[in-house]
J.: 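Structure in structure tokens, see below.
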There are 2 protein chains.
Amino acid sequence: MGASLTLEKIAELAGVSRSTVSRVVNDHPNVSEAVRERVWKVVRETGYQPHAAARSLVTRRTNIVGVIIPETVTTLFTDPFFSYLLSGITQTCNAQRYHLMLSLFNDPVAPGDSYRRVVRSGHLDGVVVASARVDDPLIPRLLKDHVPFVMVGRHPDKRVSYVDIDNVGAARMAVEHLIRSGHRRIATITGPLNMASGEDRLKGYRQALEAHHIPVDDSLIVEGDFSEASGALAARRLLSLSATAIFAANDIMAVGALKVLRDAGLRVPQDVALVGFDDIPLAAALQPALTTMRQPIEQMGAMSADLLLDLIETPPDDGAPAHKVILLAELVVRTSCGVLG
Amino acid sequence: MGASLTLEKIAELAGVSRSTVSRVVNDHPNVSEAVRERVWKVVRETGYQPHAAARSLVTRRTNIVGVIIPETVTTLFTDPFFSYLLSGITQTCNAQRYHLMLSLFNDPVAPGDSYRRVVRSGHLDGVVVASARVDDPLIPRLLKDHVPFVMVGRHPDKRVSYVDIDNVGAARMAVEHLIRSGHRRIATITGPLNMASGEDRLKGYRQALEAHHIPVDDSLIVEGDFSEASGALAARRLLSLSATAIFAANDIMAVGALKVLRDAGLRVPQDVALVGFDDIPLAAALQPALTTMRQPIEQMGAMSADLLLDLIETPPDDGAPAHKVILLAELVVRTSCGVLG
DNA sequence: TTGTAAGCGTTATCAT
DNA sequence: ATGATAACGCTTACAA
């Protein structure tokens with residue numbers, strides 16, 4: 001498969017040694033102009049391409065970065081969040097000639113198996129980790145093995161670099177919007193509370209209520225897992241509690257909730273106002289259109305890859321502080337919150 | 001980065017030779033039970049993992065398959081089609097312990113550059129090609145280099161294996177549904193006509209009309225490129241032609257068309273009926289809910305990966321026929337076609 | 001059953 | 001500026 005051209009062959013054709021060809025191909029300075037051109041010519045004419053494995057065996061670099069997602073396939077691809085994230089990552093990688101390996105870490109039977117096969121085998125120069133729980137064993141492993149990595153979403157460990165949005169502030173903004181519209185009995189469907197984003201958005205919810213001297217009623221806080229089904233389930237639980245508004249920690253759960261509310265004969269926003277988080281394309285198409293917090297997801301992806309490639313190409317000193325980048329989310333007011341229309 | 005354990009080290013610790021360790025790790029039969037266990041113990045305790053590059057330098061296999069998409073990032077990730085496709089491919093790859101490299105081939109400046117870097121460098125054991133034009137130079141290149149590959153969507157060359165749906169039949173089904181509802185003046189917004197899916201769906205449209213003795217009016221056929229913008233543009237062109245129904249070759253374009261129709265004061269389905277293709281999640285959430293042809297996209301992804309891994313692991317004889325798999329699409333009737341409600 | 005040794009195609013060190 | 005030559009870590013005949 002493919003032309004089995006080797007350095008050796010090119011060297012022979014160009015009448016030079018392997019080393020010279022290697023130097024030319026790698027743009028090393030110490031090659032005479034004449035030889036350089038002669039070699040390039042042969043390379044072009046033959047379509048020679050260095051063998052990646054041979055190369056990385058000696059350089060210890062692969063020019064591949066991994067995108068690792070510790071989730072099941074289904075949840076992953078259902079949520080456009082990941083598409084946008086991937087899009088951003090891909091753009092950076094393409095621009096800097098890195099390849100991208102997509103890995104779902106989900107080994108129920110032999111935990112750590114994927115890690116060994118994908119990371120420890122030397123396949124990757126670094127890793128972007130998305131959507132990990134704070135206690136995911138992946139993080140300490142990467143740290144221990146000194147693998148360059150960047151998380152999408154914050155992590156408490158001082159040593160990890162990440163890109164995140166101000167989830168606390170964003171959630172607070174969403175809930176305060178509801179409060180300003182006159183709501184007092186506001187429920188929330190949270191994300192998984194062992195994920196930083198889940199925790200932070202709940203914190204923002206609490207802060208908003210407290211800032212407005214509204215007592216926090218724990219029965220109005222229902223944990224979801226970012227899936228539509230969990231949003232529906234949570235909404236069903238909230239049905240009897242006469243909340244006048246619901247803040248869902250992502251749009252997908254808001255969709256689940258919306259269906260349940262509608263089926264229960266409640267009108268949104270007249271009977272119950274609803275606010276989501278993410279601003280996926282579906283949000284705008286929904287009836288009623290979903291008010292939500294827009295995250296710059298694609299930018300987060302691109303930026304995390306930027307940080308990663310930087311980490312890879314200029315390894316920081318041991319004590320150097322990790323990078324923490326916080327981007328902003330914005331409130332997109334549509335009809336589901338009841339402020340317009 | 002990572003533990004720099006080598007075969008050598010393990011051999012030393014286990015008191016055997018490198019070859020023996022290699023045999024154990026690769027499950028070769030000719031190893032005594034005692035030695036096998038002793039070696040495995042050391043491997044487990046040390047967390048040894050063979051170096052991928054070293055391994056594939058000699059085996060000429062990487063256990064990585066590429067997903068190649070000759071499109072720009074934006075169009076790619078906007079359309080959930082690719083998410084589902086990726087999902088299917090990922091499932092198969094995960095199950096068979098293959099890794100997945102995601103590559104967008106989009107080199108406006110130096111065509112063929114990505115191909116050389118990604119494919120010719122020996123990075124991949126095989127490739128799934130999605131969303132390629134029939135005349136994409138990628139295909140002959142893969143053929144010439146004897147790279148195992150499977151396309152998602154048919155290709156005229158006898159030698160290429162593919163997974164596709166019966167686009168002609170599906171489009172015909174969609175249009176006949178409109179005809180049965182009494183429509184005679186039916187327009188279509190096609191996909192790119194240099195893609196098999198675009199061509200085939202147009203063919204199905206024509207067949208449906210002809211089967212019902214409705215003359216084909218070429219002014220009612222507008223080419224799009226599967227993007228929302230192109231759908232909108234096409235709809236705008238159709239506005240003055242008094243079509244009573246539009247068949248869009250994918251849902252995204254249908255969404256674009258819907259917005260234009262609505263802005264023009266036309267009601268869907270009362271004034272213009274609309275049918276899409278794909279059944280992306282948005283289709284059901286739309287107002288009115290979009291009637292559409294549902295493709296088993298995830299299954300297509302899984303199946304194309306299945307075929308590919310098969311091709312890789314048991315290379316067919318030279319004259320052996322390529323695999324052609326055709327799956328079925330189904331009509332999902334919602335409100336936009338005007339049959340219900 | 002186990003070990004020895006020859007590569008796989010590069011890069012990198014050291015001479016020249 | 002160029003060329004030998006020794007790794008890099010593994011698999012795989014071939015020997016024992």
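Lettering of chains follows the sequences in order, A, B, ..., and the numbering in each one begins at 1. Side-chain atoms are counted along with the backbone in the values below, which use heavy atoms only and exclude waters and symmetry mates. In this text, all values refer to a predicted model and were calculated from it rather than measured experimentally.
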J.: Rounded to whole Å, please give me the gap between CZ in B:Arg36 and P in C:dT1.
T.: 10 Å
J.: Closer to the 5' end of DNA chain D via nearest nucleotide, is it A:Thr20 or B:Leu57?
T.: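 Upstream on the strand: A:Thr20.
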J.: Go through the steps to decide whether B:Gln91 and B:Ser87 satisfy the test side-chain contact (heavy atoms from CB on, under 4.5 Å), and finish with yes or no.
T.: CA-CA 6 Å; B:Gln91 295 194 24; B:Ser87 170; 3.6 Å; yes
J.: Let me know the distance between CD1 of B:Ile10 and C1' of D:dG9, rounded to the nearest Å.
T.: 12 Å
J.: Any side-chain N or O of A:Ser22 below 4.0 angstrom from OP1/OP2 of C:dT10?
T.: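 Looking at the OP1 and OP2 atoms of C:dT10, neither is under 4.0 Å from any side-chain N or O of A:Ser22.
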J.: Respond yes when some side-chain nitrogen or oxygen of A:Asn26 is under 4.0 Å from OP1 or OP2 of C:dT11, and no when none is.
T.: yes
J.: Between the side chains of B:Ser17 and B:Thr20, is a donor N or O closer than 3.5 angstrom to an acceptor N or O?
T.: yes
J.: Mapping B:Val58 and B:Val31 to their closest nucleotides on DNA chain C, which lands nearer the 5' end?
T.: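 Closest to the 5' end, via its nearest nucleotide, is B:Val31.
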J.: Would you indicate, yes or no, if D:dC8 has its OP1 or OP2 atom less than 4.0 angstrom from a side-chain nitrogen or oxygen of A:Arg55?
T.: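 No, no such contact exists.
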J.: Look at the side chain of B:Ala54 and decide which nucleotide, out of D:dC10, C:dG9, C:dT2, has an atom nearest to it.
T.: D:dC10
J.: Is a side-chain donor-acceptor pair under 3.5 Å present for B:Arg133 with B:His155?
T.: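 Looking only at side-chain atoms, B:Arg133 and B:His155 do not form any donor-acceptor pair under 3.5 Å.
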J.: For D:dT2, does either OP1 or OP2 sit under 4.0 Å from a side-chain N or O belonging to A:Ser32?
T.: yes
J.: Could you state the CD-C1' distance from B:Glu37 to C:dT1, rounded to the nearest angstrom?
T.: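 The answer, rounded to whole Å, is 16 Å.
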J.: Just checking, is any N or O donor in the side chain of A:Tyr115 or A:Asp145 under 3.5 Å from an acceptor N or O on the other one?
T.: yes
J.: A:Arg61 has an atom CZ; how far is it from atom P of D:dC8, in whole Å?
T.: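 Rounding to the nearest Å, CZ of A:Arg61 and P of D:dC8 are 19 Å apart.
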J.: Phosphate oxygens OP1/OP2 of C:dT2: is one of them under 4.0 Å from a side-chain N or O of B:Ser17?
T.: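 No, B:Ser17 has no side-chain N/O under 4.0 Å of OP1/OP2 on C:dT2.
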J.: Going by modelled atom types, is there a donor-acceptor pair between the base of C:dT4 and the side chain of B:Ser19 at under 3.5 Å?
T.: yes
J.: Rounded to the nearest Å, what distance is computed from the CZ atom of residue B:Arg23 to the P atom of nucleotide C:dA5?
T.: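 Nearest whole value for this atom pair: 14 Å.
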J.: Just how far is it from atom CD1 of B:Ile69 to atom CZ of B:Phe82, taken to the nearest 0.5 Å?
T.: 5.0 Å
J.: Tell me the interatomic distance from B:His28, atom NE2, to D:dA13, atom C1', rounded to whole angstroms.
T.: 12 Å
J.: Rounded to the nearest Å, what distance is computed from the CZ atom of residue B:Arg18 to the P atom of nucleotide C:dC8?
T.: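 Atom CZ in B:Arg18 sits about 16 Å away from atom P in C:dC8.
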J.: Kindly say if B:Tyr48 contacts the phosphate of D:dC10, meaning a side-chain N or O under 4.0 Å from OP1 or OP2.
T.: yes
J.: Expressed in angstrom and rounded to an integer, what is the separation of B:His123 atom NE2 from C:dT10 atom P?
T.: 13 Å
J.: Distance criterion of 3.5 Å, no angle test: do you see the side chain of A:Arg60 paired donor-to-acceptor with the base of D:dG9?
T.: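 No.
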